[in-house]
Colleague: 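What follows is a single structure, and I will ask about it in a moment.
Values reported hereafter were calculated over all heavy atoms of this structure, with side chains retained and with hydrogens, waters and symmetry mates removed. Chain identifiers are assigned alphabetically (A, B, ...) following the order of the sequence lines, protein sequences preceding nucleic acid strands; residue numbering begins at 1 within each chain. Computed from a predicted structure; not experimentally measured.
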Protein chains: 2
Amino acid sequence: MATKGGKGKGREKERMKSLVRSIDVNMAEVREKYMPGVSIDTVIFSFHDDELKVLLIRYGDIPFYCLPGGFIEKTEELDDAALRILKERSGIGNIYLEQFYTTGAVNRSQGHMMGEWFQELAKDRDVKNWFDQRFISVCYYALIDEANVELLSEEFVTEMKWVDVKKLPKLYLDHALIVKKAIERLQIDLDQKLVGFNLLNETFTMGELQKLYEAVYQKAFDRTNFQRKMLSMNILERLEKKYTGKAYKAPYLYRFISKV
Amino acid sequence: MATKGGKGKGREKERMKSLVRSIDVNMAEVREKYMPGVSIDTVIFSFHDDELKVLLIRYGDIPFYCLPGGFIEKTEELDDAALRILKERSGIGNIYLEQFYTTGAVNRSQGHMMGEWFQELAKDRDVKNWFDQRFISVCYYALIDEANVELLSEEFVTEMKWVDVKKLPKLYLDHALIVKKAIERLQIDLDQKLVGFNLLNETFTMGELQKLYEAVYQKAFDRTNFQRKMLSMNILERLEKKYTGKAYKAPYLYRFISKV
DNA sequence: GTATCATTGTGTCATAATGACTCAATGAAG
DNA sequence: CTTCATTGAGTCATTATGACACAATGATAC
């Protein structure tokens, strides 16, 4: 996906603090600033064209995709770090975000030459030792509305795109496993915590809501029973009808009412 | 609870590898061996006298209790580290063990003088810097049968006991929060994964099973409906009656059949 | 205007699950 | 033999669920 320009100096400044920028500063500063051996990865879901998608990025010429991730400042809360990283990567904040898994495979950093790749990107600065560390990664997932997001890619990010979870390319290390775990967690949370808020527009039709559920659970539901169940939960407010211009009955629009 | 003696040289050797022993070896070796800034804490549940209990330990003269915890070797998988630490603390292995949360509050190590306490225990070795690190702790929970466990306390462990989750004393840092999160997770898992296996004897009565559920969910269930639900799941095998010597009808004994 | 058609909203029906009960059976003590 | 706490099983009303049927609707084709 093509990189879109930032909107102002504020945003540019934020970008300066990011993971990838960090390899451009003095390594001593990085070691001073960040927790060693611990990282954060985020699985950012969106829902578009009836597909559940995750945000993937690629650095430099590295031939595989990564989940947006970063490091934890020594004086920063875990949740805050995840929010900051998410903000830096996708440009948005104020989002539903949940920790769901911590991965720490010993070989996470082996066989992938991440150190070499970033060393190449960073040129004469010594970053290899940093990236060759074994990282224990605390994983969060987030849901965003693809339509409301302006993707801001960073200096060393050569690609950034939404990918259907059913068509994942080769991913960095165990990131495919992380996505799998995130979907499992999303399935549990979708019903219980009504996290669908962020994956749909403010208003939506019952059919759209059902397609979201079907994308997340990767199975079909009976249309009428689905509608009955959703309505019986008393979390939807029925609005006016939506005239689509299509040759069939106009569906009602709904909105979540339990924002509280 | 009084410390019970180990059974042999093998067990003694295992104890040598533990967290607390580690402060007795050269700090350079500790820094070489373990991941910096990352720890593991375990919430070990047992069920006895109708109470859900957690295992707490106390080091030296430190005036508050801790969850059994330890550090992760640089070449060790996270799950393996948790198993090892659990083995070292409680003496048992081969147990249901699940990661459920990672905590990393910045002030986890502040205001508690953990560095000072351990420095005192370790005498002339420099351990303060290690224990004054900010630790991000990956938390696991485990279920064990209190009756089958021989508690082995270690050199610097002055106390080790089972405590009713409803009567927790002052705990180290955010360990009370960790216990709370563990119970929440246990409530979710108990039904779905039938983890009750390890909290009861091989055979048990329906009343005992109900009391376990009531202790975990901290609410009462209707006796007859509970029995109906359990029996309808087809996971229990009815055995002979249990003659308790009490002045009432003898209940049946049951056993889980879905060990597969 | 009228017919057509995909889609939507509502209703039916059988079955399963659940919560609140009743009631007989039982095992030991007095 | 009576008493009594406890246990196992059953009843009944209510709610939830899965599989359908069917009418309503909004645009298009004629």
Colleague: When the distance from CG of B:Asn225 to P of D:dA13 is rounded to whole Å, what number comes out?
Modeller: 16 Å
Colleague: Where does the chain A footprint on DNA chain C start and end, counting 5' to 3' with a 4.0 Å heavy-atom cut-off?
Modeller: C:dC5 to C:dT12
Colleague: When the nearest nucleotide of DNA chain C is assigned to B:Lys229 and to B:Asp222 on a heavy-atom basis, which residue is associated with the more 5' position?
Modeller: B:Lys229
Colleague: Using modelled atom types only, decide if a donor and an acceptor are shared between the side chain of A:Thr158 and the backbone of A:Arg58 within a distance under 3.5 Å.
Modeller: yes
Colleague: Check whether any side-chain heavy atom of A:Val216 lies under 4.5 Å from a side-chain heavy atom of A:Phe45, and answer yes or no.
Modeller: no
Colleague: Could you tell me which residues satisfy salt bridge (Lys or Arg N to Asp or Glu O under 4.0 Å) with B:Lys180, sequence neighbours excluded, listed by chain and number?
Modeller: B:Glu184
Colleague: Only counting residues at least two apart or in another chain, list the ones meeting side chain to side chain donor-acceptor pair (under 3.5 Å) with A:Gln218.
Modeller: none
Colleague: Kindly give the atom pairs (protein nitrogen or oxygen, nucleotide nitrogen or oxygen) under 3.5 Å for nucleotides 5-9 of chain D.
Modeller:
{"unit_1": "D:dT7", "atom_1": "O2", "unit_2": "B:Lys249", "atom_2": "NZ", "d": "3.0"}
{"unit_1": "D:dG8", "atom_1": "OP1", "unit_2": "B:Tyr252", "atom_2": "N", "d": "2.7"}
{"unit_1": "D:dG8", "atom_1": "OP2", "unit_2": "B:Gln227", "atom_2": "OE1", "d": "3.3"}
{"unit_1": "D:dG8", "atom_1": "O4'", "unit_2": "B:Lys249", "atom_2": "NZ", "d": "3.4"}
{"unit_1": "D:dG8", "atom_1": "N7", "unit_2": "B:Arg223", "atom_2": "NH1", "d": "2.9"}
{"unit_1": "D:dG8", "atom_1": "O6", "unit_2": "B:Arg223", "atom_2": "NH2", "d": "2.9"}
{"unit_1": "D:dA9", "atom_1": "OP1", "unit_2": "B:Arg238", "atom_2": "NH1", "d": "3.0"}
{"unit_1": "D:dA9", "atom_1": "OP2", "unit_2": "B:Arg238", "atom_2": "NH2", "d": "2.9"}

Colleague: Looking at residues at least two apart in the chain, or sitting in another chain, which of them share a side chain to side chain contact (heavy atoms under 4.5 Å, CB included) with A:Phe204?
Modeller: A:Leu200, A:Glu208, A:Leu209, A:Leu236, A:Tyr254, A:Phe256
Colleague: Taking everything shown except B:Lys211 itself, do over 12 heavy atoms lie less than 6.0 Å from its NZ?
Modeller: no
Colleague: Can you tell me how far C1' of D:dA16 sits from CE of A:Met230, to the nearest Å?
Modeller: 14 Å
Colleague: Would B:Arg238 count as a cation-pi partner of B:Tyr252, with NZ or CZ less than 6.0 Å from the six-membered ring centre and within 45° of the ring normal?
Modeller: yes
Colleague: Mind checking side chain to side chain donor-acceptor pair (under 3.5 Å) for A:Thr224 and listing every partner two or more places apart, or none if nothing turns up?
Modeller: A:Asp222
